[in-house]
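Taking it in order: structure first as structure tokens, then the write-up.
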Amino acid sequence: MSSERDFNETIMSLARKRGFIWGPSPEIYGGSSGFYDLGPLGKLLKNRLENQIRAAFVRANFWEVECPTVSPAEVWRASGHLEGFIDPVTECTKCGQIYRADNLILEKFPETNIAGQTADGLTETIRKIGLVCPSCKGELGPVKAYNLMMQTRLGLNQEAYLRPETATTTYLLFKRFLTFFRDKLPAAVFQIGKAYRNEISPRQGMLRLREFTQTEGQIFLLEKDEMEWPQFEDIKNEKLPLVTYQAQEKGNFKPVMTKTSDAIKQGFFQKPAYAWCVYLGYDIFRKMGFSENKMRLRQHLPTERAHYAADAWDIEIHTESFGWVECCGVHDRGDYDLSRHQEFSKEKLHVKVDKKPVIPNVLEIAFGIERPLFCLLDNSYRPESDERDTEWLQFPPELAPIQVAVFPLMGKDELVSPATQIFNDIMEAGFVSQFDVGGSIGKRYRRQDEVGTPFCVTIDYTTLEDGTVTIRDRDSMEQVRVHKDHLVESLRRLVKGLVQFSSLE
RNA sequence: GCGGCCAUAGUCUAGGGGUUAUGAUUCGAGCCUUCCAAGCUCGUGACCCGGGUUCGAAUCCCGGUGGCCGCACCA
């Protein structure tokens, strides 16, 4: 709706103005859609999200790796992306309209069997069934395969592609993982890195990018592990906001808080290990600052589910800008990837179970970081109100780009000098902090509100008498006095959420 | 990629074949100021890019790029 559109523009305008998101990049050359720059505050925010993700995975016993973003064509032939990551398109020779060939055929002739057909096969099918352009009845041109991977080359002419997902590059290390993990499964690894998709026509700003940062966690495990997953015990009483496919078929998208153990009993999840992955994904999103009432877990309908997947759920975040946004997929990839890479590479990618070779299964938690980044901006945005005559961002303190701002009440030397000292102490303690003397004190508070800084420290004339400073709380706009010797510790506890501001007084 | 609409300071905007290109806000310097966008002075800052028409284009035309809407696409 237009009000949602306006909301998105309001946020992007603030994000541009205050140095979160710039673009489309490269701006001074006019820009290409699907590419954005992160300004200083956007990069800080993204780092904070990544740090939460990293900490959550490490705590769950995943190990981080990093792989190249470019791989030769055979990798993508094996992974299925070279053949499967394509859109077959046909252009009307008369009016120039472009169609997805397979969709068009099935739409007009639902009985046609085109499964697995190549571009030439689809061209042949169109001729055979006499399909013409639906808008002008003109003749349709030959079907071309439009691959969504970005192509490049290595050296003079070795065909190569930028990765469309990090996961595949992780799987290529499987033999190395077996050694590293001393032949013990399950083994869990994750990767945070860039991936590339040459979208035909990206829209919706930060939500559909041609270059983006992915986080993908992988668990390599055996079938018996999937059913007997000890860590499930830890989360069996945790609740998840589930929207099952049965509910969706009845038109009901309201999430139902369901205990994970009940979800297994009711058959919403087939495998405890998978359910645990869904919970881990959900927990990571909570740690990225999303409140529970803005999240839901939506099960894929059987029709949208990959044929090998027994379970398929997405984490969705509600935004004012675009409604529910799909942010994370939890996938049961089975042994598909390792089998394919074993076949194509001729390397043994199996383990021995009862002296027989078995290719392990893979469970995956996959999401892009720019989407939650945008969603967090969206969810944190507060418009101006009676209490506050500027818009502001209510980030959770731990995720705010700038955590503490330091002001001398006025730009007088006797205040600036002790304020500088306190600012240095705060920086020394590891906070991202900003010192500001410009403008009235009220204006400086508003500036920080606008970028979501949770706490401001002000040095005033009382500081000179008794060594106390004020800490001003973004959310309530209230202040408490704290002795400067205890300031860093107080800020640490406030930022970490160990103590509420209201209980400081 | 197609069709419709659109593109002016950091942000939001007014206007428009010859102008010193409007206003607000932001930002910078200074005065003032003892806690929530005060005031005053001064200052910085813009017509998306390329081509065409014209004596002259930011303005009109064409193309490109980007944005919004619709279609298609979203592994």
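These values consider heavy atoms only, across backbone and side chains, with no hydrogens, waters or symmetry-generated copies. Quick note on labels: first sequence line is chain A, next is B, and so on, each numbered from 1.
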Stretch residues 13-20 of chain A: residues that reach within less than 4.0 Å of RNA chain B through a heavy atom: A/S13, A/R16, A/K17
Atom-to-atom span, CZ of A/R447 to P of B/rU11 - whole angstrom: 18 Å
Under 4.0 Å protein heavy-atom contact, by nucleotide of nucleotides 41-47 of chain B - B base, S sugar-phosphate only: -------
Partner nucleotide of B/rA14 by Watson-Crick or wobble geometry (both distances under 3.5 Å): none
Member of A/K46, A/K194, A/R371 meeting the side chain to side chain donor-acceptor pair (under 3.5 Å) criterion with A/T213: A/K46
Residue pair A/N198 / A/N147, side-chain heavy-atom distance below 4.5 Å: no
Aromatic ring pairing A/W76/A/H81, orientation class (parallel under 30°, perpendicular over 60°, tilted between): perpendicular
5′-ward residue of the pair A/E165/A/D389 relative to RNA chain B: A/D389
Parallel, tilted or perpendicular: ring planes of A/F423 versus A/F435, cut at 30 and 60 degrees: tilted
Where at least one partner belongs to residues 452-462 of chain A, residue pairs that pass salt bridge (Lys or Arg N to Asp or Glu O under 4.0 Å), sequence neighbours excluded: A/D460-A/R481
Which residue lies more 5' along RNA chain B, comparing A/E199 with A/G438 via nearest heavy atoms: A/G438
What protein N or O atoms touch nucleotides 31-36 of chain B N or O atoms at under 3.5 angstrom, if any, and at what distances?
from   : atom 1 : to     : atom 2 : distance (Å)
B/rC35 : O2     : A/Y445 : OH     : 2.5
B/rC35 : O2     : A/Q479 : OE1    : 3.4
B/rC35 : O2     : A/Q479 : NE2    : 2.7
B/rC35 : N3     : A/Y445 : OH     : 3.2
B/rC35 : N3     : A/Q479 : NE2    : 2.8
B/rC35 : N4     : A/D460 : OD2    : 3.0
B/rC35 : N4     : A/T470 : OG1    : 3.1
B/rC36 : O2'    : A/R446 : NH2    : 2.6
B/rC36 : O2     : A/R446 : NE     : 3.3
B/rC36 : O2     : A/R472 : NH2    : 3.2
B/rC36 : N3     : A/R472 : NE     : 3.0
B/rC36 : N3     : A/R472 : NH2    : 3.2
B/rC36 : N4     : A/R472 : NE     : 3.3
B/rC36 : N4     : A/M477 : O      : 2.5

Distance between C1' atoms of B/rG18 and B/rU13 (Å, rounded): 25 Å
Contacts of A/D466 that satisfy side-chain contact (heavy atoms from CB on, under 4.5 Å) - sequence neighbours left out: A/T462, A/T468
Flag if over 12 foreign heavy atoms under 6.0 Å of CD, A/Q421: no
Heavy atoms of other groups near A/E249 CD, more than 12 under 6.0 Å: yes
Expected output: side-chain A/R474 to main-chain A/G452 donor-acceptor under 3.5 Å: yes
Ring geometry between A/F285 and A/F367 (parallel below 30°, tilted from 30 to 60°, perpendicular above 60°): perpendicular
A/L207 CG to B/rG67 P, straight-line distance once rounded to whole Å: 13 Å
Pairing partner (Watson-Crick or G-U wobble, both distances under 3.5 angstrom) of B/rC47: none
Counterpart base for B/rC32, defined by Watson-Crick or G-U wobble contacts under 3.5 Å: none
Proximity to RNA chain B (any heavy atom under 4.0 Å), residues of residues 26-46 of chain A only: A/G30, A/G31, A/S32, A/S33
Check: A/Y282 and A/M295 side chains under 4.5 Å, non-hydrogen atoms: yes
Residue matched to B/rC71 through Watson-Crick or wobble contacts both under 3.5 angstrom: B/rG1
